Amino acid sequence: MPELLEVLLRVLVVIAAFLVLPLLVGQVEHKAMAHMQARVGPMYAGAFHGWAQLVADGVKFVQKEDVVPAAADRRVFKIAPAIALLPYLVVMLAIPIGPGLVGQDLDLGLFFVLAVMGVGVVGTLMGGWASANKFSLLGGIRVAAQLMAYELPFVLAAASVAMAAGTLSLVGIVEAWSPWWLLWQAPALFVFFVAGLAELQRPPFDMPVADAELVFGPYTEYGGLRFALFILAEYAGIVVLSALTAVLFLGGWHGPFEDQAGWLWTLAKTGAVAFVVVWLRVAYPRLREDQLQRLAWQGLVPLALFQLAITAVGVVVWGS
Amino acid sequence: MSFPGKGLMKGLGVTMRNMTRRSVTAHYPDAMPELPPRSRGVIALIEENCTVCMLCARECPAWCIYIDSHKDTVPATTEGGKDKSRNVLDRFAIDFSICMYCSICVEVCPFDALHWSPEFEYSELDIRDLTHEKERLRDWMWTVPAPVALDPGAEQAKEITTAEKAAEKSARPAEGEGDA
């Protein structure tokens with residue numbers, strides 16, 4: 001019985017994190033982006049500096065009519081947002097926050113996380129296809145092309161860490177981590193983060209949604225709650241990517257006082273990475289489709305392979 | 001010095017610097033804006049100064065000033081004198097939905113009946129309510145600020161120069177007579 005209770009507790013905590021952290025990132029994006037652009041952002045919702053803006057947005061989205069285009073593939077159209085969102089919830093289950101603080105410690109954690117994250121993109125693809133809209137389809141195809149291009153360097157960069165640590169378990173990787181990995185695995189960190197951004201279709205890699213030319217691509221026909229779910233998926237994706245970057249490359253809970261406040265370190269590192277995600281969105285313009293592909297195939301893939309070679313040499317020489 | 005990625009770094013630097021500075025947003029409904037002197041918010045009318053010369057209505061490029069008047073006869077004050085006629089203003093209205101705030105009417109008025117007030121919060125839900133009749137235009141007069149002080153070294157106001165000249169002139173003939 002206590003075991004069951006513990007499982008229940010873990011699941012509840014993960015769900016709570018899943019519901020709260022993306023909103024937190026969204027709020028940071030609202031305010032940080034606004035100040036970076038010399039604006040103030042939301043100021044009214046919740047009376048104090050617009051802290052409840054996203055709650056208000058949520059209430060608004062719920063009230064909206066659920067519209068499905070006449071020509072749409074109804075069933076696929078309707079489940080697409082769920083498929084976009086749920087994988088991130090599942091991934092969160094496997095990400096360790098502190099020693100022993102993990103939804104479920106899997107031996108194949110890294111493999112599981114990468115595989116499930118890829119599924120999230122399928123939801124967007126489904127939405128693009130099922131909308132029966134030219135712009136959506138175009139966006140969907142761009143999503144597919146982007147997924148193809150960036151999944152490879154993403155996985156290669158993650159593989160480099162797994163090789164260095166000699167395990168696929170996320171907890172094991174953090175335990176094997178030591179500060180000089182920051183230098184040793186720096187190219188992998190860069191590749192992983194950039195490819196992850198591209199996979200989330202975050203600016204500057206938001207060619208598929210490109211609101212200015214594709215009227216939000218795969219999400220064109222979505223409104224109300226379903227649209228909100230897609231947006232929530234984007235922010236949940238940021239949380240997952242930031243957490244993974246923190247766990248794989250930045251040493252998770254390693255830091256001063258890690259015995260008492262390890263989980264705080266993981267959260268702080270995750271927050272810092274999430275801030276960088278927002279920062280990049282503000283600072284950089286969108287990449288063109290061909291630039292996007294060139295960056296993946298001519299930049300990130302060779303860099304990731306180069307990193308793999310360095311890691312291999314390192315592992316053989318120092319025998320990890 | 002130039003190195004690959006310098007531009008990218010610069011972009012990050014600019015946004016970060018912006019974030020640490022105060023935003024430039026004017027919190028308008030919470031805080032009133034500080035308007036520059038001579039702001040053109042709304043046109044006020046001193047009805048008493050108006051002689052119905054129609055200059056403003058005629059000069060208005062947008063034709064947004066409506067004036068109705070009639071002539072009143074003032075009976076002669078002396079025995080056998082002529083009755084005088086006087087213009088009486090019946091209606092003076094400015095349609096602010098057409099007005100383009102060019103200020104020509106204010107400048108062209110020979111009797112200083114029109115003035116600029118900096119008040120700008122007079123939006124309406126019905127466009128017809130943007131036509132302000134003379135009572136409303138008269139009320140705006142209470143919000144007209146005193147003329148701003150001249151810049152140091154600026155030319156004196158025309159009225160003062162004219163008045164000074166007139167005073168000089170009225171003093172001089174006395175001197176002239178004394179000489180002769």
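For clarity, every value in this text was computed on a predicted model and none was experimentally measured. In what follows, every chain begins at residue 1, and chains take the letters A, B, ... in the order their sequences are listed.
Heavy-atom contacts from other residues, nucleotides or ligands closer than 6.0 Å to CH2 of A:Trp263 number 12 or fewer. The number of heavy-atom neighbours closer than 6.0 Å to CG of B:Leu150, taken from other residues, nucleotides and ligands shown, is above 12. Counted within 6.0 Å of CZ on A:Phe190, heavy atoms from surrounding residues, nucleotides or ligands total 12 or fewer; the atom is thus considered open. The environment of CG in B:Leu8 is crowded: more than 12 heavy-atom neighbours from other residues, nucleotides or ligands sit within 6.0 Å. Remark: B:Met16 CE is packed, more than 12 non-hydrogen atoms of other residues, nucleotides or ligands lying under 6.0 Å away. Remark: B:Lys84 NZ is loosely packed, at most 12 non-hydrogen atoms of other residues, nucleotides or ligands lying under 6.0 Å away. More than 12 heavy atoms of other residues, nucleotides or ligands shown are found within 6.0 angstrom of CD on B:Glu121. Around the CD atom of B:Glu48, the shell of radius 6.0 Å holds more than 12 heavy atoms that belong to other residues, nucleotides or ligands.
Among the residues in residues 302-309 of chain A, none has a non-hydrogen atom closer than 4.5 angstrom to a non-hydrogen atom of chain B. Proximity to chain B at a heavy-atom threshold of 4.5 Å picks out A:Trp279, A:Leu280, A:Val282, A:Ala283, A:Tyr284 from residues 278-291 of chain A, in numerical order.
For chain A, the option among B:Thr15, B:Asn18, B:Val24, B:Val14 with the highest count of heavy-atom pairs below 4.5 Å is B:Thr15.
If you measure heavy-atom distances from A:Ala32 to chain B, the contacts under 4.5 Å come from both the backbone and the side chain. Heavy atoms of A:Met43 lying under 4.5 Å from chain B belong exclusively to its side chain.
Distance OG/B:Ser23 to NE2/A:His35: 5.5 Å, rounded to 0.5 Å.
Looking at every heavy atom in both residues, A:Ala38 comes nearest to B:Thr25 through O-OG1, 3.9 Å.
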